[in-house]
Colleague: 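Before we start, here is the structure in question, set down as structure tokens.
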Amino acid sequence: MVIVGASLAGLRAVEAARTEGFTGEIALIGDEQHLPYDRPPLSKAFLEGRTQDTTFRDVATLTDELGVQLHLGSPATGLDLEHRKVIAGGSEIEYDRLIIATGSTARTIDGGSALRGVHVLRTKDDAVAIREAVTPGARVIVVGGGFIGSEVASSCLKLGARATIVEAAPVPLTRAVGSLGAALTTLHGMNGVEVRTGLAVDELLGENRITAVRLSDGSILEADLLIVGIGSSPATSWLEHSGLALHPIDRGVLCDENLATNSDGVYAAGDVAYWDNTTFGRRMRLENWTSAAQQGGHAARNALRSDPASYGTVPYYWSDWYGKRIQFVGLPDAEEVRICSGSVEEGRLVALYRSKNRVIGALTISQPRHIMKLRAQIEAQASWESAVDLVAATEALVR
């Protein structure tokens with residue numbers, strides 16, 4: 001078994017294969033020199049210096065206990081489906097079963113690579129560079145008001161910097177949490193971070209190092225540091241001419257409900273997988289920790305079994321800003337969004353998302369006792385009324 005992608009999904013694929021009883025060779029290929037590590041803390045605890053290491057497993061565990069052949073610092077550059085070979089680090093590695101778990105790459109903006117002080121945040125090395133650059137009093141411009149950009153702004157504030165968020169959309173986070181994106185965004189203003197919406201960065205100013213940005217309305221913001229958090233793209237450029245089916249626009253790896261691709265013995269997991277989610281009856285690609293962990297294991301088990309199982313899930317992700325835990329489950333494209341308890345201003349909130357008479361999503365702020373109960377309701381295709389009653393009952397227990 002060859003696993004391309006030495007991050008969370010790839011590691012879970014290794015562990016699942018061994019748990020399943022697979023005793024053959026496993027090769028784990030990663031483009032970074034680092035051992036598999038946890039990415040969510042990079043924009044939070046790691047960036048703030050509250051933790052120094054997010055490595056999942058040490059070398060001994062991977063090589064001795066799990067029997068993994070590590071190929072780190074070896075980016076995959078090609079895939080030969082006919083001869084069942086992965087080309088990585090200048091070598092050809094043969095496979096019987098292949099798991100593609102290469103994750104995603106951070107998008108950037110034009111001109112960003114020409115100036116010092118311009119960063120993206122995707123890898124541990126990115127986080128180290130940003131952590132060293134964020135000093136007390138530094139003027140930080142964060143491009144992108146989504147979850148990553150918001151976490152970075154919050155962390156920069158904790159480090160004593162001054163942060164401003166520039167967001168091209170008129171309302172941030174609409175794709176993630178729907179109509180409550182505007183409400184969530186008010187958390188920034190409540191904590192002293194300015195958010196400039198409906199504006200793009202037209203020009204980066206400075207000779208060797210960034211000193212300012214010119215926005216699409218002509219205004220200029222001075223900057224000591226620019227951090228770009230405008231999303232990511234599936235890391236599939238190495239597959240472009242392989243014959244593996246990719247989404248025509250998104251470029252994620254097209255998979256069926258079992259996470260299997262159009263090539264025999266090849267599966268995909270994590271950020272790259274564009275698969276049929278049986279829970280909602282629609283094709284989707286998710287970029288979150290929970291899905292990556294679950295899909296990695298599921299893909300490996302299916303690759304080894306004669307009776308592969310479909311993979312369905314209720315999306316779940318979380319984010320931490322200004323000491324608040326924000327959690328979302330389900331889908332945001334609802335006909336009605338109802339705040340059942342609390343408010344953003346109170347720092348505690350429970351909101352439900354309805355489609356027809358079914359609950360399809362839930363958003364909470366600092367209310368962890370609700371979220372997994374509501375995830376179970378969404379997975380069970382529970383009625384709107386039962387979800388509303390569940391929130392009321394849970395709130396009553398606390399009073």
Colleague: Once ring pair (Phe, Tyr, Trp, His ring centres under 6.0 Å) is applied, what residue pairs with a partner in residues 92-133 remain, sequence neighbours excluded?
Modeller: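 Every pair satisfying ring pair (Phe, Tyr, Trp, His ring centres under 6.0 Å) with a residue in residues 92-133: there are none.
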Colleague: Any non-hydrogen side-chain atom of His188 less than 4.5 Å from a side-chain atom of Tyr322?
Modeller: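 Touching, per the 4.5 Å side-chain cut-off.
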Colleague: Test Glu395 against Arg369 for salt bridge (Lys or Arg N to Asp or Glu O under 4.0 Å), laying out the working first.
Modeller: CA-CA 9 Å; Glu395 287 288 291; Arg369 64 184 177 275; 3.1 Å; yes
Colleague: With sequence neighbours excluded, give me every ring pair (Phe, Tyr, Trp, His ring centres under 6.0 Å) pair touching residues 30-71.
Modeller: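 Found His34-Tyr37.
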Colleague: Under the rule for ring-ring contact (aromatic ring centres under 6.0 Å, His included), what residues qualify as partners of Phe22, not counting sequence neighbours?
Modeller: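 Listed in chain order: nothing, the list is empty.
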Colleague: Which other residues end up in the same hydrophobic cluster as Ile230, if Ile, Leu, Val, Met, Phe, Trp and Tyr are linked when side-chain heavy atoms come under 4.5 Å apart?
Modeller: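 Cluster partners of Ile230: Ile109, Leu115, Val118, Val120, Ile141, Val143, Val166, Leu199, Val201, Leu204, Ile210, Val213, Leu215, Leu221, Leu226, Val228.
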Colleague: Which residue pairs pass the ring pair (Phe, Tyr, Trp, His ring centres under 6.0 Å) test with at least one member in residues 333-368, sequence neighbours excluded?
Modeller: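 Qualifying pairs: Phe328-Tyr353.
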Colleague: Are Glu20 and Arg301 ion-paired here, with the side-chain N under 4.0 Å from a carboxylate O?
Modeller: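 Arg301 and Glu20: not salt-bridged.
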Colleague: Can you check whether Thr164 reaches Arg196 side chain to side chain, under 4.5 Å on heavy atoms?
Modeller: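 Yes, side chains in contact.
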Colleague: Are the side chains of Trp384 and Arg358 in contact, using a 4.5 Å heavy-atom criterion?
Modeller: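 Of all side-chain heavy-atom pairs linking Trp384 with Arg358, none is under 4.5 Å.
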Colleague: Any salt bridge (Lys or Arg N to Asp or Glu O under 4.0 Å) pairs touching residues 87-105, not counting sequence neighbours?
Modeller: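 Applying salt bridge (Lys or Arg N to Asp or Glu O under 4.0 Å) to every pair that reaches into residues 87-105, excluding sequence neighbours, yields Lys85-Glu92.
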Colleague: Without placing hydrogens or testing angles, list every side-chain donor-acceptor pair under 3.5 Å for residues 175-182, not counting sequence neighbours.
Modeller:
none

Colleague: Does any part of the side chain of Pro368, heavy atoms only, come nearer than 4.5 Å to the side chain of Arg325, both counted from C-beta?
Modeller: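 No, every pair of side-chain atoms sits at 4.5 Å or beyond.
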Colleague: Should Leu35 and Val59 count as side-chain neighbours, where that means a heavy-atom distance under 4.5 Å?
Modeller: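 In short, these two side chains touch, coming nearer than 4.5 Å.
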Colleague: If the threshold is 4.0 Å, N to carboxylate O, is there a salt bridge linking Arg57 and Glu65?
Modeller: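 So Arg57 does not pair with Glu65 through a salt bridge.
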Colleague: Please tell me if the side chains of Val152 and Leu121 come closer than 4.5 Å, counting only heavy atoms from C-beta onward.
Modeller: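 Counting from C-beta outward, Val152 and Leu121 do come under 4.5 Å.
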Colleague: Nearest 0.5 Å please: distance from the CG atom of Leu187 over to the CD1 atom of Ile326.
Modeller: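 Rounded to the nearest 0.5 Å, the CG-CD1 separation comes out at 5.5 Å.
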Colleague: Is it true that Asp125 and Thr123 share a donor-acceptor pair across their side chains at a distance under 3.5 Å?
Modeller: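 No, Asp125 and Thr123 have no side-chain donor paired with an acceptor closer than 3.5 Å.
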Colleague: Charged N to carboxylate O under 4.0 angstrom, Glu207 versus Arg209?
Modeller: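 Salt bridge absent between Glu207 and Arg209.
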Colleague: Set out, in order, the CA-CA distance, both residues' side-chain angles and the distance that settles side-chain contact (heavy atoms from CB on, under 4.5 Å) for Asn208 and Arg116, then state yes or no.
Modeller: CA-CA 6 Å; Asn208 298 310; Arg116 288 184 293 120; 4.2 Å; yes
Colleague: Tell me, please, which residues at least two apart from Asp80 pass side-chain hydrogen bond (donor to acceptor under 3.5 Å, both in side chains).
Modeller: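 Once residues adjacent in sequence are excluded, the partners of Asp80 under the side-chain hydrogen bond (donor to acceptor under 3.5 Å, both in side chains) criterion are His83.
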Colleague: Taking the basic N atoms (NZ, or NE/NH1/NH2) and the acidic carboxylate oxygens, is any pair closer than 4.0 Å for Asp202 and Arg214?
Modeller: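 Between Arg214 and Asp202 there is no salt bridge, as every charged N stays at least 4.0 Å from the carboxylate O atoms.
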Colleague: Using the ring pair (Phe, Tyr, Trp, His ring centres under 6.0 Å) rule, collect all pairs that involve residues 144-180, keeping only residues at least two apart or in two chains.
Modeller: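 For residues 144-180: Phe147-Tyr317.
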Colleague: Using a strict 4.0 Å threshold on nitrogen-to-oxygen distance, state whether Arg285 and Asp276 make a salt bridge.
Modeller: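 A salt bridge is absent here (no side-chain N lies under 4.0 Å from a carboxylate O).
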Colleague: Looking at Ser263, is its backbone amide N or carbonyl O close enough to the side chain of Thr261 to form a donor-acceptor pair, meaning the two atoms are under 3.5 Å apart?
Modeller: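 Side chain of Thr261 to backbone of Ser263, a donor-acceptor pair under 3.5 Å: yes, one is there.
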Colleague: Distance check, rounded to the nearest 0.5 Å: Asn288 atom CG versus Arg39 atom CZ?
Modeller: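 Result: 14.0 Å between the selected atoms.
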Colleague: If you apply the rule side-chain contact (heavy atoms from CB on, under 4.5 Å), what do you find for Ser341 with Arg348, and how did you get there?
Modeller: CA-CA 8 Å; Ser341 172; Arg348 52 177 297 279; 3.2 Å; yes
Colleague: Can you list the other members of the hydrophobic cluster that holds Ile220, where links are side-chain heavy atoms under 4.5 angstrom apart?
Modeller: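 So far as hydrophobic clustering goes, Ile220 is joined with Leu205.
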Colleague: In chain order, what residues pass the ring-ring contact (aromatic ring centres under 6.0 Å, His included) check against Trp238, with sequence neighbours excluded?
Modeller: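 For Trp238, no residue satisfies ring-ring contact (aromatic ring centres under 6.0 Å, His included) once neighbours in sequence are set aside.
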Colleague: Would you check if Val388 and Leu390 make a side-chain contact, meaning some heavy-atom pair closer than 4.5 Å?
Modeller: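 No. Closest side-chain heavy atoms not under 4.5 Å.
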Colleague: State plainly whether the residues Arg282 and Asp333 are in salt-bridge range, i.e. N to O under 4.0 Å.
Modeller: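 The answer is yes: the pair qualifies as a salt bridge.
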Colleague: Side-chain heavy atoms under 4.5 Å apart, restricted to Ile/Leu/Val/Met/Phe/Trp/Tyr: what other residues fall into the cluster of Leu254, or is it alone?
Modeller: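 Same cluster as Leu254: Tyr274.
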Colleague: Can you tell whether the side chains of Lys44 and Asp320 come within less than 4.0 Å, N to carboxylate O?
Modeller: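 Judged by the 4.0 Å cut-off on N to carboxylate O distance, Lys44 and Asp320 do not form a salt bridge.
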Colleague: To check you understand the geometry: which heavy-atom pair defines the closest contact between Gln295 and Gly270, and what is its length?
Modeller: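 So the two residues come closest at OE1-N, 2.7 Å.
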